[in-house]
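Everything on this sheet refers to the single structure shown next.
Here is the naming used below: chain letters follow the sequence lines, and residue numbers restart at 1 for every chain. The basis for the numbers below is simple: all heavy atoms, side chains too, and nothing from hydrogens, waters or symmetry mates.
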2 protein chains.
Amino acid sequence: MQISSKFTIGVHLLAVIDYLGEDEKVTSSVLAGSIGVNPVIVRNVMGNLKEAGLISISQGRSGISLTKTPKQITFYDVYKAVDSVNDDGLFRFHENPNPECPIGRNIHKAMDSKLERVQKRMEDEMKQITLADVMTDIQSELKKN
Amino acid sequence: MQISSKFTIGVHLLAVIDYLGEDEKVTSSVLAGSIGVNPVIVRNVMGNLKEAGLISISQGRSGISLTKTPKQITFYDVYKAVDSVNDDGLFRFHENPNPECPIGRNIHKAMDSKLERVQKRMEDEMKQITLADVMTDIQSELKKN
DNA sequence: CCCGCCTGTAATATACCACATTACAGGCAA
DNA sequence: TTGCCTGTAATGTGGTATATTACAGGCGGG
């Protein structure tokens with residue numbers, strides 16, 4: 001399994017807005033062109049990011065802009081905004097452990113907190129990485145050429 | 001998205017073997033009964049765990065046993081054994097970023113190492129949790145009743 | 001030594017989810 | 001008010017997780 005590409009699409013989208021948001025008109029079609037996916041997918045992700053308060057969108061002939069600085073936007077923010085993981089958690093649990101078996105009856109109690117701990121570790125790491133870090137790396141790549 | 005339940009099935013399976021492996025004959029049907037899934041699924045997971053050297057299986061009227069102590073078996077071992085995540089990594093990346101766009105051309109270079117870092121954090125945490133920890137919690141639950 | 005239980009595995013079915021695509025109603029700016 | 005753009009519904013499609021049936025092959029016990 002893998003975490004949906006909506007997450008990387010979201011980060012890509014924010015990077016493009018930051019990169020040319022001031023100068024050029026950014027639309028879902030422009031973004032879709034850079035990302036390489038269907039504009040409708042982009043609009044959905046845009047909607048998620050708007051709800052999360054990361055970008056503002058005005059309709060008509062307007063444009064899209066960040067509502068925070070790249071340094072204030074973390075991977076975790078995007079990850080949460082696009083609903084990367086199910087409410088049930090990162091790990092799917094088999095649904096019908098046998099309550100008449102001593103193990104089956106207690107496996108959930110024994111594992112749930114441990115799995116949450118693992119997921120939390122991952123999410124904490126995502127809070128450490130910002131859009132600014134991505135922009136820095138892109139800029140230094142661009143200077144090479 | 002979620003990580004396949006093969007992982008929790010694997011842990012459950014090992015717990016049952018540890019719990020009644022010495023006394024009673026453990027077969028894929030017995031395990032399937034406790035876990036609540038089809039015996040074929042159990043056999044597949046059993047195969048994965050055998051390949052990974054976590055259990056030994058003898059055919060005929062035999063049984064299944066752990067090849068290590070519960071303390072030596074970590075969540076990470078099971079997670080790797082059952083191929084919980086794709087070779088491409090935990091995060092799916094949109095496949096066609098536009099090489100003619102400055103962002104599209106460099107987004108992979110800018111993000112890949114960061115995503116690997118996140119994944120590694122999660123996996124490192126899984127290395128800290130063992131089957132023994134699970135058995136301890138199950139035993140203490142059993143004492144309550 | 002042979003029988004029966006069990007594993008290994010292929011083939012197939014099904015349900016669900018991610019992503020693509022078309023279509024169109026509604027809003028905002030020029 | 002006009003034209004582009006967003007928001008969103010409806011539908012299609014391929015991939016994947018799990019279930020299920022079926023059967024060949026191996027090993028232990030009688």
Between the side chain of T67(A) and the main-chain N/O of G53(A), is any donor-acceptor distance below 3.5 Å?
yes
Could you tell me the separation between the CD1 atom of I64(B) and the C1' atom of dG28(D), rounded to a whole number of Å?
15 Å
Is any side-chain heavy atom of P39(B) closer than 4.5 Å to a side-chain heavy atom of R43(B)?
yes
side-chain N/O N38(B) vs dT20(D) OP1/OP2, d < 4.0 Å:
yes
In this structure, how many angstroms lie between the P atom of dT18(D) and the NZ atom of K6(B), rounded?
8 Å
Under 4.0 Å between any heavy atoms, over every strand shown, what does S29(A) touch: base, sugar-phosphate, or nothing? Just pick one.
nothing
Which one, dT8(D), dC19(C), dA10(C), comes nearest to the side chain of V40(B)?
dA10(C)
Assert: residue with more 5' nearest nucleotide on DNA chain C, out of R92(B) and M46(B), is M46(B)
Donor-acceptor side-chain pairing of D77(B) and T74(B) below 3.5 angstrom:
yes
Verify the contact: side-chain N or O of S28(A) to OP1 or OP2 of dC5(D), cut-off strictly under 4.0 Å; return yes or no.
no
Would you call the rings of H108(B) and F93(B) parallel, tilted or perpendicular, taking 30° and 60° as the class edges?
parallel
Considering only heavy side-chain atoms of T27(B), the closest of dC5(D), dT7(C), dA20(C) is dT7(C)
Could you check how far CD1 of I41(A) sits from P of dA10(D), rounded to whole Å?
17 Å
Among the candidates dT18(D), dG7(D), dA23(C), find the nucleotide nearest to the side-chain atoms of I57(A).
dG7(D)
Enclosure of K127(A) NZ (heavy-atom neighbours >12, cutoff 6.0 Å)
yes
Between dT7(C) atom P and E51(B) atom CD, what is the distance in whole Å?
16 Å
Tell me whether the side-chain N/O atoms of K25(B) come closer than 4.0 Å to OP1 or OP2 in dC6(C).
yes
Rounded to whole Å, CG of N96(A) lies from P of dT20(D) at a distance of 11 Å
Angle separating the five-pair end axes of the helix from dC1(C)-dG30(D) to dA30(C)-dT1(D), nearest 10°, is 20°
Just N and O in the side chain of K50(A): are any of them under 4.0 Å from OP1 or OP2 of dT6(D)?
no
Which atom pair, heavy atoms only, marks the closest approach of G104(A) to S34(B)?
N-OG, 4.0 Å
Take G36(B) and R43(B), find for each the nucleotide of DNA chain D with the closest heavy atom, and name the residue whose nucleotide sits nearer the 5' end.
G36(B)
Expressed as a whole number of angstroms, how long is the span from H94(B):NE2 to dC19(C):P?
11 Å
Residues K120(A), E123(A): salt bridge by 4.0 Å N-O rule
no
Provide, to the nearest angstrom, the distance between the CZ atom belonging to F7(A) and the P atom belonging to dC19(C).
13 Å
According to a strict under-4.0 Å criterion, is S4(A) in side-chain N/O contact with OP1 or OP2 of dA18(C)?
no
Using whole Å, report how far CG of N48(A) lies from P of dT8(D).
10 Å
Between F91(A) and F7(B), what is the ring plane arrangement, given parallel below 30°, perpendicular above 60°, and tilted in between?
tilted
